[in-house]
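All chains are named by letter (A, B, ...) in the order of the sequence lines, taking the proteins before the strands, and each is independently numbered beginning at 1. Values in this document were obtained by computation on a predicted structure and should not be read as measured data.
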Amino acid sequence: MGKQGGDSTSLINSQGLRLDGRRFDELRPVSIEVGVLKNADGSAYIQFGKNKIMAAVYGPKEVHPKHSALADRSLLRCRYHMSPFSTEERKNPAPSRREIEISKVIREALEPALILEDYPRTAIDVFVEVLQSDGGSRCAGINAASVALADAGINMRDLVCACAAGKIAGQIVLDIDDTEDKEGQADLPIAIMPTSNRVTLFQLDGQLSNEEFSKAFNLALEGCKSLYQMQREALIRKYFGKDGNEAGEQ
Amino acid sequence: MSAVKKVLVVEQLKRTQMNELLGRGKRLDGRSLLDMRDLSVTTNVVEKAEGSARVKLGNTEVIAGVKVSLGTPFPDTPDKGLLVVSAEVLPLASPYAEPGPPDERSIELARVVDRGIRESGMIDVSKLVLEVGKHVYAVFADVSVLNVDGNLFDSTSYAVVAALLTTKIPKYEISPSGEPVKSEEMIPLPITTVPISVTMAKIGDYLIVDPTSEEEAVMDARITLVSDDKGNICAGQKGEPGFLSIDQILLASQICKSKGEEVRAIINKEVERAIGVPKQ
């Protein structure tokens, strides 16, 4: 909601540490696990701070209803949904306007990385279920969904990794959590294809000067690159075993 | 299902022509890449609304109305008034629009327009409070798109901004019995800044402002940035299944300010004409 006002000075203490003890450029702890759902063609589970998010991919598969099939490529569909128990107050399970918008931007963030032309007249469904939310769930969801798409063996140009930067207590910081989002001044979530530096998701809520904008944008880009490493490591662990780190590297 | 096509299709021949023109810094309608179409803003077009505006941006036409009533604040923000912006593409606006519940495009449109107004702090909602936790002003800004020819994000945003700038609300007092009582006095909304939205389309390697429907039909990606009158960027959204380069994002952040100033001058001029007092 509105990011103006609110006493935000306490969000960073005198040692320059944030409420959860992080420095300005530190991510929350992240863990990614690949292939967690048996029925899905691809799946991933991400814990991103207190966010717990399950992503599943079904497809390429037959399109229903048939008239929505595309002759030249696969139809990518995406549903971002928050479980009723994922928030402080129970969330109505019906899709909210916020969830519909986020579903759209997640789909548009993933689409440039997918070679959909390889699967004409089919559908690829991506489901992102937020089991527990703690700010930055769209970014965490994109990270999980992109790994799940790779796990499903969909032809891809690159992974998609996402991370937010923001402004709290007058400072630009990486990866803002729920409290920092509510009490802070700005939130800038982005997603990129890291190999080609293509920006596929870009949103901004809150006020940033020109200088702050480029600082936050660059910080978020760095965050995305850290996520890329974690996504790679998660895929390598799944496909090369526990000590696959060396086996996976060139 | 009807056999009506649901999206505008632009012929390959025209796409080729469009791309060739872009290479020479021109567009189909003769504009250069960073030219907006003619913008006309007329306020006070609906007398029953507390504020209203009609905006024409090329052939895109929208109308916005502001209604103000009293309401109870949200429990988590007892000291803030309510501000709700919503947008709708009317079925009369285009052969491709259909009646029914809003689809994801309309929802995105409404939410991005709302975000620009809200995050810029255009309305100081803390001044819309009569009694903390009990009585606050509820400001509803609704926009209807009347004719679609591209760039709905900016045209609806301009209409809401112009309508809010010219809104007059009845002043309420809290009576000794604790009930709000309407007075005869009309007051303007507590305005702090004039946020301006600038939407750019990426076609190939080019970034163009204020895309038409035809240009939107061939664009790879769209980016909307909103700036306030101090030059801060206060909201943004990338849309459509393409990507932007890092340089394009930084370029867009510059364009949004220079174009924003142009548009702000046009809106301020109309507001001055309508209410006789210049806004900051």
Side-chain angles (χ1 to χ4, degrees), chain A residues 1-6 65-68 76 78 88-89 95-105 107-114 116 157-158 160 182 185-193 196-214 216-218 221, chain B residues 1 3 74-77 79-80 83 86 102-112 114-116 118-126 192-193 195 220-228 230-250 252-254 257:
Chain A
M1 314 295 343
K3 290 194 182 60
Q4 54 273 3
K66 274 198 163 156
H67 64 79
S68 47
L76 180 66
C78 180
E88 220 58 64
E89 302 275 315
S96 64
R97 291 165 66 86
R98 173 181 171 275
E99 285 168 295
I100 293 170
E101 186 204 337
I102 293 182
S103 300
K104 181 175 188 283
V105 296
R107 187 186 73 228
E108 292 168 346
L110 296 170
E111 192 162 334
L114 301 175
L116 295 177
R157 299 183 173 88
D158 202 347
V160 179
K182 289 207 174 85
Q185 293 113 38
D187 180 18
L188 174 70
I190 64 166
I192 60 165
M193 291 159 65
S196 51
N197 276 330
R198 293 174 171 184
V199 181
T200 66
L201 172 113
F202 174 93
Q203 294 185 292
L204 169 64
D205 280 52
Q207 298 177 19
L208 293 173
S209 71
N210 228 357
E211 200 184 324
E212 289 168 339
F213 175 77
S214 47
F217 185 57
N218 283 315
L221 286 174
Chain B
M1 287 297 298
F74 288 118
D76 54 341
T77 52
D79 55 350
K80 289 190 174 132
L83 172 65
S86 70
D103 62 358
E104 58 173 24
R105 287 173 168 272
S106 306
I107 289 174
E108 185 187 29
L109 171 66
R111 286 180 58 86
V112 172
D114 179 273
R115 196 171 298 156
R118 188 180 302 279
E119 298 297 340
S120 67
M122 178 189 181
I123 309 284
D124 184 353
V125 284
S126 65
T192 68
T193 187
D220 307 307
R222 183 197 71 226
I223 183 164
T224 300
L225 288 169
V226 183
S227 62
D228 66 15
K230 291 179 223 67
N232 293 318
I233 303 173
C234 34
Q237 175 99 338
K238 172 249 167 192
E240 299 306 311
F243 64 88
L244 291 132
S245 71
I246 290 172
D247 289 343
Q248 282 170 330
I249 301 251
L250 295 173
S253 76
Q254 303 299 327
K257 277 185 226 168

Give a yes or no on whether a salt bridge exists between A:E108 and B:R222, defined as a side-chain N under 4.0 angstrom from a carboxylate O.
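Between B:R222 and A:E108 there is no salt bridge, as every charged N stays at least 4.0 Å from the carboxylate O atoms.
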Residues A:R107 and B:E104 bridged, charged N to O under 4.0 Å:
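B:E104 and A:R107: salt-bridged.
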Most contacts with chain B, counted as non-hydrogen pairs under 4.5 angstrom, among A:V199, A:V105, A:L188:
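Highest number of pairs under 4.5 Å: A:V199.
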Between A:I100, A:L110, A:N218, the one whose heavy-atom pairs under 4.5 Å with chain B are most numerous:
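The answer is A:I100.
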For each of B:C234, B:G242, B:S245, tally heavy-atom pairs with chain A at distances under 4.5 Å, and name the one with the top tally.
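Among the listed options, the one with the most contacts to chain A is B:C234.
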Dump the intermediate steps for side-chain contact (heavy atoms from CB on, under 4.5 Å) on B:F243 and A:L201, then the final yes or no.
CA-CA 8 Å; B:F243 64 88; A:L201 172 113; over 6 Å; no
Closest heavy-atom contact between [X] and [Y]?
| X | Y | answer |
| --- | --- | --- |
| A:R97 | B:P102 | NH1-CG, 4.1 Å |
| A:L204 | B:R115 | O-CD, 3.6 Å |
| B:S253 | A:F213 | CB-CE2, 3.5 Å |
| B:G121 | A:Q207 | N-NE2, 4.1 Å |
| A:P112 | B:P241 | CG-O, 4.1 Å |

Please flag which part of [X] lies under 4.5 Å from any non-hydrogen atom of chain A: side chain, backbone, both or neither.
| X | result |
| --- | --- |
| B:I223 | side chain |
| B:D220 | neither |
| B:K230 | neither |

Considering residues at least two apart in sequence or located in another chain, which fulfil the side chain to side chain contact (heavy atoms under 4.5 Å, CB included) criterion with A:R98?
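Side chain to side chain contact (heavy atoms under 4.5 Å, CB included) check on A:R98 returns A:Y80, A:M82, A:S96, A:I102, A:S137, A:R138, B:R111.
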Going by side chain to side chain contact (heavy atoms under 4.5 Å, CB included), name the residues that satisfy it together with B:T77, two or more places apart in sequence or in a different chain.
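Side chain to side chain contact (heavy atoms under 4.5 Å, CB included) check on B:T77 returns B:F74, B:K80.
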With side chains defined as the heavy atoms from C-beta onward, is the minimum distance between B:T224 and A:F202 less than 4.5 Å?
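The answer is no; the side chains never approach within 4.5 Å.
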Give, as side chain, backbone, both or neither, the part of A:L208 having an atom under 4.5 angstrom from any heavy atom of chain B.
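Its backbone and side chain both get close to chain B.
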Does any heavy atom of chain B fall under 4.5 Å from the side chain of A:L76, the backbone, both, or neither of them?
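When you check distances to chain B, no heavy atom of A:L76 falls under 4.5 Å.
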Can you list the steps and then say if B:I246 with A:F217 is a side-chain contact (heavy atoms from CB on, under 4.5 Å)?
CA-CA 9 Å; B:I246 290 172; A:F217 185 57; 3.6 Å; yes
How long is the span from the NZ atom in A:K104 to the CD atom in B:E108, to the nearest 0.5 Å?
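Reported value, rounded in 0.5 Å steps: 3.5 Å.
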Distance check, rounded to the nearest 0.5 Å: B:L244 atom CG versus A:I190 atom CD1?
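Going from CG on B:L244 over to CD1 on A:I190, the span is 11.5 Å.
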Any sub-3.5 Å donor-acceptor pair from B:K238's side-chain atoms to A:T200's backbone N or O?
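Yes, the answer is positive, given that a donor and an acceptor are paired below the 3.5 Å cut-off.
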Residues, nucleotides or ligands: over 12 heavy atoms within 6.0 Å of A:R157 CZ:
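Atom CZ in A:R157 is crowded, with more than 12 foreign heavy atoms closer than 6.0 Å.
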A:S214 vs B:L250, side-chain contact (heavy atoms from CB on, under 4.5 Å): CA-CA, chis, key distance, verdict:
CA-CA 7 Å; A:S214 47; B:L250 295 173; 4.1 Å; yes
Check step by step if side-chain contact (heavy atoms from CB on, under 4.5 Å) holds for B:Q254 and A:N210.
CA-CA 8 Å; B:Q254 303 299 327; A:N210 228 357; 3.6 Å; yes
